[in-house]
Every structure is written in C-alpha cells, then in structure tokens.
Protein chains: 2
Amino acid sequence: MSLIPIRPGSPFGTQPERSDAARNRERLLQAARDLVAEHGVDAVTMDMLACRADVGKGTVFRRFGSRAGLMMTLLSDAEAEFQREFIFGPPPLGPGAPPLERLIAFGEARIKYVEEYGELARAAAEHSPQNRHDAPPVVLWHRHIEMLLREAGLDRDPWLLALSLGATLDPERMLHSLRAHGVAPERLAASWRELVTRLLKDC
Amino acid sequence: MSLIPIRPGSPFGTQPERSDAARNRERLLQAARDLVAEHGVDAVTMDMLACRADVGKGTVFRRFGSRAGLMMTLLSDAEAEFQREFIFGPPPLGPGAPPLERLIAFGEARIKYVEEYGELARAAAEHSPQNRHDAPPVVLWHRHIEMLLREAGLDRDPWLLALSLGATLDPERMLHSLRAHGVAPERLAASWRELVTRLLKDC
DNA sequence: ATTCTAAACGGACTGCGGTCCGCTTAATAT
DNA sequence: ATATTAAGCGGACCGCAGTCCGTTTAGAAT
C-alpha cells in the first residue's frame, strides 16, 4: 500500500473500481513485471505489454496514463517502503539520530535503492521534467532533506540547498556512475558522506 | 569555431566537405535557427526542419545524427565562447583568481548560460544518458571543477565531488527551478555561492 | 570531354508513445 | 427480468525520431 499516490480502488470519496477493471489491472501488472524480468525495463514497450496482458492498448494507457506512469506504479511498493523507513523507521535513517547522521544514512539508502530499482526509476522519470522534479515522492525527499538541513542549523535557503543535494542523489546520475563508469557503490556513499559532512560542519 | 567538437569541414586528416553538402549545412542551420526563433525549441521537429530547408529527411540525420546532435550544433558557438571564458578569460572566471572565487564565478556564468540557452541545452541532452553525461563539453566542465577542487585542497575523491557539483548546475534542473518555480537567478547564484563556500571552508 | 566512384541525397518505411471514438458491459435502479 | 448509463474497452490512427536503400552528383582521374 503506497503512502503518496492513492491507488485506484482506494475509496477516497471515489467509488470502487469495476470488477473487470480490477482484473485487467492485475493482469497488466503481472505481465509488466514478467516482461521487465524477461527483457529488462528499457526493452518493454506498451504494445508488448498490451499484447501480453491480452488487453487493448487504450486500456493500458487508461490505467497508467503513460509509460512513466506504468514504471511509477511498478515502483510504488518499493517507494512506499523507502518512505516508511526514513519517516518512521529506526535511526539513523529514521527519527532519533542527529541530522547529519540521518542525512548520511539517507544517501546510503538512496544508493542501495538505485542499485536495485535504478532502471525502473530512470524510466519513471523519462520524458517529463514536470514528473521528474515534482512527482510526489521527489517532493517528499526534498522536504525531508530540507528539514534535516534546518535541524542542523543551516538557515540559508535550505530549500534550494536540498534541491542541490537531491540532484546528487538523482537516480539517472547515480546509475550512470555505477554502470557506465564502474564506480563502486561504497565510493558513491563515501563521497556523499564527505559532501554532507563538510556542508554541515559548524552550523 | 568550437573547441571540442571538430566541425565537419575542418580538415583534420579528413578531406574537405563537398560543396553541395556545405550549402545544405548552411541552409539547415539557418532554417533551424529561424524555426527555433519562430516556434521555440520544443516545437521544432526534424520533418519541419527538412521541409523548411528544402532538403530530404535523410540529409538532416546524416548531418546531425539526431535531434540532440542538431541542438548541440546550434549551441556550439555559445558553448565554445563559454569554454574560452573559463579557460583563458579574465579572472575571476578565468585563471588568476583563487579557486573558491573561480568556482563561484563558474556557477554564476553557468546560470546566465542556462537563462539564455537553457531550452537548447535541455533539448541537446534529451533521450540519451550517454550524451547527457559524457558529451565532451560536460566532461570538460567536470574536469574544470575537479581541478578547482584540487587547487583548493580538497583531495578526497574530487572527481565524484565535481560530479555532484555538476549535478547542481545541470541545465534541466536549473531551468526547472527558474521557470516552473519562479526562482530568481540571483537566488540560484546565492545558493551556489553558499554551497561551494561551505564546501571549501578550511581545507 | 568522358568515365568513374564515393559521398551525398531523398523520401518511403519502421517502431514507438500516445490519442480518439464508437462499441461493450458491469453495476444499479425499477 | 429489464432498462439505463457511465465506466471501461479496443484497436485504428497520429506524429515523431530515426533507418534504409535505390538514385543522383560532385569532383578526381584519364
């Protein structure tokens, strides 16, 4: 169950979804997961998905809106889990630790996330700057970072600074470092630690 | 004349370009500039360009390779000018000033660049992570930042740190802040100054 | 001037994401 | 059971980036 996007079917004023629609949604999600597992994220096309799920193409787009929307849906469980961890989970990622340590842990968690779901995350952000920067989860990360910066005493435009730090953790960028340049995850994490440590020194 | 990409026609071992090819290139570049001026970068399609330049579509792609390639070509003069300034120009952007000041000036220059050419820069990076992160100009900026970090005494993996700082100055990101969120350029510059100042404090 | 050839050309073609709109059907009211 | 209706459905269709390949032509060699 996702925290930020309200899944269709969740009755939040809206009526529940029709039975055939529900069945098709399950079929589509299953087919999508299978295709991704078989061919990799980038090779999956919307026609292919429609065909595999034995459903019209219009149905696919009615459900997910776009390719990016499909990928976001596929990510939503992992995303919700990640959100839960840094909002409610145990320190140092969750509340209870000093802000610098939480920030370091946040970056490390993000790196692990990208190692596991990077391709999906990249595909979910493709072809829409709007979606890329203002999708609810992204906004939430930024607010989280901003809050930690404030807690650490950084009062000079923490929002923009949070955006900069967010840019460092951008899935596409990190994925590119990891895959194309063969940078080890630990090295990324060390660099992140160095960055935020220097940034928060004596505030 | 661009510093990094060797323009077709520059005889670097290769023979000069055929006269009809040269004529078509000029026609295409002129048409492209006109179309961008008339309709905006995002509305210009490759078919439109071929039609306007009275040239086959194949010719357009033979010339520029892709839409991104076209945009890079349109940018190349401005890009070369920018490179000249931070490599050979007067301080604080060019050599002669202390590294922190050069870094600050670099960010400010980048922001001005994005204000003026942001849409082109965004279009030049679209649809190709490879191109986006490893295009020669991008690599050059990163090396420049890395060098300044080293000069300032930052010896802990300056290459990755330079990548992070580069992410902050990414055209798409800055453009999004400027346009979608109405952030003033001065505010972006101030945030950049704050970021690098803190980062280089007592090294 | 003629021949030769590699470069350049053009436009039909493909594959993809995304839209449109007439048809079907699940759920509800009677 | 029957009628009603709005949500859901499907696949033809569109626009775009990018490819392919048969044809043309500039420029060199003779």
Side-chain angles (χ1 to χ4, degrees), chain A residues 8-9 11 13-29 31-32 35 39-74 122-132, chain B residues 8-9 11 13-29 31-32 35-36 39-73 122-132:
Chain A
T14 67
Q15 42 202 346
E17 108 190 296
R18 250 166 60 168
S19 63
D20 53 344
R23 192 201 51 206
N24 278 339
R25 200 188 56 230
E26 285 317 309
R27 284 233 297 265
L28 280 166
L29 285 176
L35 285 172
H39 309 293
V41 173
D42 295 345
V44 175
T45 72
M46 301 302 266
D47 293 85
M48 210 189 275
L49 174 57
C51 178
R52 172 70 78 102
D54 210 35
V55 142
K57 196 178 182 179
T59 304
V60 181
F61 280 90
R62 152 174 295 266
R63 199 60 62 195
F64 303 111
S66 67
R67 201 184 126 94
L70 165 67
M71 301 309 179
M72 294 219 284
T73 305
L74 291 181
R122 175 161 28 88
E126 242 161 17
H127 306 308
S128 98
Q130 172 64 24
N131 202 334
R132 184 184 190 103
Chain B
T14 68
Q15 42 201 342
E17 114 191 288
R18 249 167 61 170
S19 63
D20 54 343
R23 192 202 51 207
N24 277 339
R25 201 189 55 230
E26 285 318 308
R27 284 234 297 266
L28 280 166
L29 285 175
L35 285 172
V36 165
H39 309 293
V41 173
D42 294 346
V44 175
T45 73
M46 300 303 265
D47 293 85
M48 209 188 276
L49 173 58
C51 177
R52 177 69 150 260
D54 209 35
V55 141
K57 197 178 181 179
T59 302
V60 180
F61 279 90
R62 150 175 295 265
R63 199 61 63 196
F64 304 110
S66 67
R67 201 184 126 94
L70 166 67
M71 300 309 178
M72 294 216 287
T73 304
R122 185 180 355 105
E126 241 162 18
H127 307 309
S128 98
Q130 172 64 22
N131 203 333
R132 185 185 189 101

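Residue numbers start from 1 in every chain, and the chains themselves are labelled A, B, ... in the order their sequence lines are given, proteins ahead of strands.
- Across the protein-nucleic acid pair, B:M46 atom CE and C:dC9 atom P stand 14 Å apart, rounded to whole Å.
- In this model, the phosphate group of C:dA7 is not approached by any side-chain N or O of B:R18 to a distance below 4.0 Å at OP1 or OP2.
- Whole-Å rounding puts the A:E126 CD to C:dC16 P distance at 14 Å.
- The CG atom of A:D42 sits 14 Å away from the C1' atom of C:dC16 (whole-angstrom rounding).
- To the nearest 0.5 Å, atoms CE (B:M46) and CG (B:L28) are separated by 9.0 Å.
- Here the closest heavy-atom approach between residue A:R122 and residue B:P129 is recorded as CD-CG, 4.4 Å.
- Across all their heavy atoms, B:F64 and B:L70 have their closest contact at CB-N, 3.6 Å.
- Within the 4.0 Å cut-off from OP1 or OP2 of C:dA27, at least one side-chain nitrogen or oxygen of A:S19 is found.
- The structure places CZ of B:R23 at 11.0 Å from CD of B:E17, a figure rounded to the nearest 0.5 Å.
- Remark: C1' of C:dC13 and CG of B:D47 are 12 Å apart, rounded to the nearest angstrom.
- Side-chain contact between B:H127 and A:H127: present, with at least one pair of heavy atoms (C-beta onward) separated by less than 4.5 Å.
- Shortest non-hydrogen contact noted between A:A124 and A:M72 is CB-CG, 3.7 Å.
- Applying a 4.0 Å cut-off to non-hydrogen atoms, the residues of residues 53-62 of chain A that approach DNA chain C are A:K57, A:F61, listed by residue number.
- The residue among B:D20 and B:G65 whose nearest nucleotide of DNA chain D lies closer to the 5′ end is B:G65.
- Taking 4.0 Å as the cutoff to heavy atoms of chain A, we find the contact window on DNA chain D bounded by D:dA7 to D:dG11.
- In this structure, A:R23 atom CZ and C:dT25 atom P are separated by 11 Å, rounded to whole Å.
- We find the CG-CZ distance between B:L49 and B:R63 to be 11.5 Å, quoted to the nearest 0.5 Å.
- Taking each heavy atom of A:R27 and A:A53 in turn, the nearest pair found is NE-O, 3.0 Å.
- Rotation axes derived from the C1' atoms of the five outermost pairs at either end of the helix from C:dA1-D:dT30 to C:dT30-D:dA1 lie 0° apart, to the nearest 10°.
- Once rounded to the nearest 0.5 Å, the distance linking CZ of A:R25 with OG1 of A:T73 reads 9.5 Å.
- At C:dA8, none of the side-chain N or O atoms of B:N24 fall inside 4.0 Å of OP1 or OP2 (strictly under the cut-off).
- Scanning both residues, B:E126 and B:A68, for their nearest heavy atoms gives O-CB, 4.2 Å.
- Taking both residues in full, the closest heavy atoms of A:D42 and A:R67 are given as CA-NH2, 4.1 Å, listed atom of the first, atom of the second, then distance.
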